[in-house]
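Just so it is clear, the structure is predicted and the values come from calculations on it, not from any experiment.
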Amino acid sequence: MDLSRFPRRRYTPFATPLEPLPRLSAALAATCPGGRGPELWVKRDDMLGLFPGGNKTRKLEFLVADALARGADTLVTCGAPQSNHCRITLAAAVKEGLHCRFVIEERVAGSYDEQASGNHFMFRLLGVEAITVVPGGSDMAAAMQRVVEELAAQGRTGYVIPGGGSNALGGLGYAACAQELQQQWFEMGVSFDRVVVGSGSSGTHGGLLAGFLGNRIGVPIVGVGVSRDPAQQEPLVWKEAQAVADLAGGGFAVPRESVRSVGGYWQPKYSVPNARMVEAVQMAARTEGLLLDPVYTGKVMAGLIGLARAGEFAPDARVLFLHTGGLPSLHAYEDVVLGRAARDLAP
């Protein structure tokens, strides 16, 4: 899979670390059948550029390059109130001397607070030009197009980046990550039995899957849904993976059976905390000093823990957790993750 023909801005001048998690592995094993669990490792994509980085940084390398090539002066994107994607897109805009506007979807009624901490603080600090708040269920593509039309009326050029940076072009970022992983595994002399990744807007999961298939990496990927259960999520991932493969000129069909996700860990709603997320965030922090966020990586790690306890992984399996970032939103959930609101949480 040759990605060199695509324009790309480079925001991270190094491969993100690949690290073992021996203390978290031991703590998890103690709660697994027979006291044995998988050997956990982490891919530190929370250390990507556009600090504090995350998985959206890889997608934006290709998307922003396209925006610049098209003469855009303003990036327009969308997300939920504590959107990591919006924050990193804004950081990319600042880095490139562009303006940035958001359309924020209030998926949980009353959840948008202009003065909130976490990513909202970062929005203000980094200087977002304007934020349009719309109700949950709104047509986000249409709402962003209206912003582009407003800019055009002012003689400006907007460039729409879809939620999560999840389209074929953005997905190339995780096809590139697959190549980076392959090289690291070779250099470090390690192999893995499974990769666990968050599965939301589908760009990360789908792009990584396309990269694995295109580079003949035969390691199964399991996506932990952060907003949907498998019946709704897997068709989105399959469509994204095929779009990335087609754009990259891979010349192969993505097998439907290669797409696997698990549900049940994101409820009661997207971005709403639950007790299993709190356990996972606390375990990672208190065993490895690894900070996860309540919306994405905390629920994904909860999924990995749940799968291990259910016997999904062989006791000697080596499992790689893809850490996609999200640190700033942790500060917006302090009472929850410190256990001060435990009685109010869903299981």
Would [X] and [Y] show up in the same hydrophobic cluster when neighbours are defined by side-chain heavy atoms closer than 4.5 Å?
X	Y	answer
W238	F252	yes
V134	V108	no
V262	L304	yes
L68	F6	yes
V259	L236	no

Show the nearest heavy-atom pair for residues [X] and [Y], with the distance to one decimal.
X	Y	answer
G49	T57	O-OG1, 2.9 Å
N84	S329	OD1-OG, 4.3 Å
A80	I104	O-CD1, 3.7 Å
H120	D113	ND1-O, 2.7 Å
V42	L290	CG2-CD2, 4.4 Å
G298	V281	CA-CG2, 3.8 Å

G203 backbone acceptor or donor facing S166 side chain under 3.5 Å:
yes
For the backbone of G137 and the side chain of E105, can you confirm whether one donor and one acceptor N or O come within less than 3.5 Å of each other?
yes
What class does the angle between the rings of F123 and F102 fall in, given that below 30° is parallel, 30 to 60° is tilted and above 60° is perpendicular?
perpendicular
Going by an N to O cut-off under 4.0 Å, is there a salt bridge joining E234 and R256?
yes
Look at E240 together with K59 and state whether they make a salt bridge at an N to O cut-off of under 4.0 Å.
no
State whether a side-chain donor-acceptor pair under 3.5 Å links R101 with T74.
no
Is any side-chain heavy atom of [Y] closer than 4.5 Å to one of [X]?
X	Y	result
R107	S271	no
Y296	T204	no
M301	M283	no
S111	E106	yes
L60	I161	yes
H323	F321	yes
P52	R87	yes
L18	L181	yes

Quick check for you: to the nearest 0.5 Å, what is the distance between L90 atom CG and I131 atom CD1?
9.0 Å
Would you mind telling me which of V336, L292, V295 makes a side-chain contact (heavy atoms from CB on, under 4.5 Å) with M277?
V336
Sole candidate of V64, L48, I88 that passes side-chain contact (heavy atoms from CB on, under 4.5 Å) when paired with Y11:
V64
Taking the ring centre of each residue, are Y174 and H205 less than 6.0 Å apart?
no
Which of N55, N119, T77 passes side chain to side chain donor-acceptor pair (under 3.5 Å) with H85? Answer is T77
Before you tell me yes or no, could you show the steps for T157 and R70 under side-chain hydrogen bond (donor to acceptor under 3.5 Å, both in side chains), namely the whole-Å CA-CA distance, both residues' side-chain angles and the distance that decides it to 0.1 Å?
CA-CA 9 Å; T157 303; R70 294 173 184 271; over 6 Å; no
With sequence neighbours left out, what residues match F212 under ring pair (Phe, Tyr, Trp, His ring centres under 6.0 Å)?
none
For residues 217-230, run the donor-acceptor check on the side chains, cut-off 3.5 Å, and write out each pair with its distance to 0.1 Å, sequence neighbours left out.
{"unit_1": "R228", "atom_1": "NH1", "unit_2": "G200", "atom_2": "O", "d": "2.9"}
{"unit_1": "R228", "atom_1": "NH1", "unit_2": "Q233", "atom_2": "OE1", "d": "2.9"}
{"unit_1": "D229", "atom_1": "OD1", "unit_2": "G264", "atom_2": "N", "d": "3.0"}
{"unit_1": "D229", "atom_1": "OD1", "unit_2": "W266", "atom_2": "NE1", "d": "3.0"}
{"unit_1": "D229", "atom_1": "OD2", "unit_2": "Q267", "atom_2": "NE2", "d": "3.2"}

